[in-house]
Amino acid sequence: MTDHSHRTGAPRDTEADTEVEPDAEVGTVAGSHADTDAEADAGLRGRWHDTLLAARAGAEGPDPLPYAENLLARWAEPQRRYHSTAHLRAVLDHVDTLAAHADDVQAVQLAAWFHDAVYRPDRSENEERSAALAERALTEAGVPDAVVAEVARLVRLTVTHAPAEGDRNGEVLCDADLAVLAGGPQEYAAYAARVRDEYGFVPDDAFREGRAAVLRQLLDLPRLFRTPYGAAEWEERARHNLATELELLTSSAPG
């Protein structure tokens, strides 16, 4: 899963992604807020454990913890400013809010874990690489083939955030991923600033042009959110936020 509200036309890097096996050794993230981070990560590990066991439906499989450690290490990579562990937590929370709409909530939850598991802001293959990682890791972790295929399909769907009519799992994942667009003024401003930081290698003029094009594309959509809850609770605020950011971008452009 990538939030295409931040696409800026950054150059494509075709260098192969370094594969990290689920049982590979990973480092810890240091910082003055380590206790808070550790508590949050512990909560995520518990959520992963419960989701993976539910997806296995009683089948045997390897210890879930090394897979959680690998995924959390990926989400904590230094190039991430918006697509961070905080984004993962937010998407999982939004999936919980929309869970009753999903046909297979465990598949959607697993897709949330993997949707930006491979992420480089200068590449355009992130979703495909994330889906491929999900296929490898979940198969090894003992998840049934049908669920693995659904998770990978959902991850690839975040390229467009355009689920087909009646694709309830896709509607939940896409709405959860885009729910950040409906935040309050301060929350949305912080989101936009993190996106700009993530694309710090893009010059201001190029970023402004690319970001404005994406905002216009989103505003031209007949609807941003597909679930009943998303349509009722998030659509209006999201459109207001997008229009406000677009106005700020265009008004700040050099004459």
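As the structure is a computational prediction, the values presented were derived from the model and not from experiment.
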With sequence neighbours excluded, tell me which residues meet salt bridge (Lys or Arg N to Asp or Glu O under 4.0 Å) with Arg80.
Glu77

Sorted by chain and residue number, the salt bridge (Lys or Arg N to Asp or Glu O under 4.0 Å) partners of Asp167 (sequence neighbours excluded) come out as Arg153

Where the side chain of [X] meets the backbone of [Y], is there a donor-acceptor pair that is under 3.5 Å apart?
{"X": "Thr227", "Y": "Gly230", "value": "yes"}
{"X": "Gln106", "Y": "Ala54", "value": "no"}
{"X": "Asn169", "Y": "Ala102", "value": "no"}
{"X": "Gln79", "Y": "Arg120", "value": "no"}
{"X": "Thr51", "Y": "Trp48", "value": "no"}
{"X": "Arg239", "Y": "Trp234", "value": "no"}

Any chance the side chains of [X] and [Y] put a donor and an acceptor closer than 3.5 Å?
{"X": "Arg237", "Y": "Asn241", "result": "no"}
{"X": "Tyr229", "Y": "His101", "result": "no"}
{"X": "His94", "Y": "Asp175", "result": "no"}
{"X": "Asn126", "Y": "His83", "result": "no"}

Closer than 4.0 angstrom, basic N to acidic O: yes or no for [X] and [Y]?
{"X": "Arg211", "Y": "Glu245", "result": "yes"}
{"X": "Arg136", "Y": "Glu140", "result": "no"}
{"X": "Arg156", "Y": "Glu128", "result": "yes"}
{"X": "Asp93", "Y": "Arg47", "result": "yes"}

Can you label the angle between the Phe207 ring and the Tyr199 ring as parallel, tilted or perpendicular, going by 30° and 60°?
tilted

[X] to [Y] - nearest heavy-atom pair and separation:
{"X": "Leu157", "Y": "Ala162", "answer": "CD1-O, 3.9 Å"}
{"X": "Gly142", "Y": "Pro62", "answer": "N-CD, 4.4 Å"}
{"X": "Pro64", "Y": "His49", "answer": "CG-CD2, 3.8 Å"}
{"X": "Ala111", "Y": "Val155", "answer": "O-CG2, 3.9 Å"}
{"X": "Ala131", "Y": "Ala152", "answer": "CB-O, 3.8 Å"}
{"X": "Pro144", "Y": "Ala55", "answer": "CD-O, 3.3 Å"}

Rounded to the nearest 0.5 Å, how far apart are [atom1] of [X] and [atom2] of [Y]?
{"X": "Phe114", "Y": "Glu135", "atom1": "CZ", "atom2": "CD", "value": "10.5 Å"}
{"X": "Glu69", "Y": "Asp41", "atom1": "CD", "atom2": "CG", "value": "8.0 Å"}
{"X": "Glu171", "Y": "Asp103", "atom1": "CD", "atom2": "CG", "value": "9.0 Å"}
{"X": "Leu71", "Y": "Leu88", "atom1": "CG", "atom2": "CG", "value": "8.0 Å"}
{"X": "Leu249", "Y": "Thr244", "atom1": "CG", "atom2": "OG1", "value": "11.0 Å"}
{"X": "His161", "Y": "Leu218", "atom1": "NE2", "atom2": "CG", "value": "9.5 Å"}

Counting neighbours of CD on Glu209 that are heavy atoms of other residues, nucleotides or ligands and sit closer than 6.0 Å, is the number greater than 12?
no

More than 12 non-hydrogen atoms from neighbouring residues, nucleotides or ligands closer than 6.0 Å to CG on Asp145, yes or no?
no

Centroid separation under 6.0 Å, is that true for the rings of Tyr119 and Trp75?
no

Residues which pass side-chain contact (heavy atoms from CB on, under 4.5 Å) with Asp197, listed by chain and number, not counting sequence neighbours:
Arg81

Could you give me the CA-CA distance, side-chain angles and deciding distance for His87 and Asp177, then say whether side-chain contact (heavy atoms from CB on, under 4.5 Å) is met?
CA-CA 9 Å; His87 173 60; Asp177 198 22; 3.1 Å; yes

Can you find a pair of side-chain heavy atoms, one from [X] and one from [Y], that are under 4.5 Å apart?
{"X": "Val147", "Y": "Leu138", "result": "no"}
{"X": "Cys174", "Y": "Phe225", "result": "no"}
{"X": "Asp122", "Y": "Val202", "result": "no"}
{"X": "Leu219", "Y": "Arg216", "result": "no"}
{"X": "Leu173", "Y": "Gln109", "result": "no"}
{"X": "Leu44", "Y": "Leu92", "result": "yes"}

Treating Ile, Leu, Val, Met, Phe, Trp and Tyr as nodes and any side-chain heavy-atom pair under 4.5 angstrom as an edge, say whether [X] and [Y] lie in one connected cluster.
{"X": "Leu248", "Y": "Val214", "answer": "no"}
{"X": "Val151", "Y": "Leu53", "answer": "no"}
{"X": "Tyr188", "Y": "Leu221", "answer": "yes"}

Between Asp116 and Arg129, is a salt bridge (charged side-chain N to carboxylate O under 4.0 Å, His left out) present by the stated rule, with each step listed?
CA-CA 9 Å; Asp116 282 322; Arg129 293 181 178 186; over 6 Å; no

Step by step, would you call Leu133 with Arg74 a side-chain contact (heavy atoms from CB on, under 4.5 Å)?
CA-CA 11 Å; Leu133 177 67; Arg74 289 174 177 274; 3.5 Å; yes

Carefully, step by step, assess Leu181 and Leu178 under the rule side-chain contact (heavy atoms from CB on, under 4.5 Å).
CA-CA 6 Å; Leu181 302 179; Leu178 294 181; 4.3 Å; yes

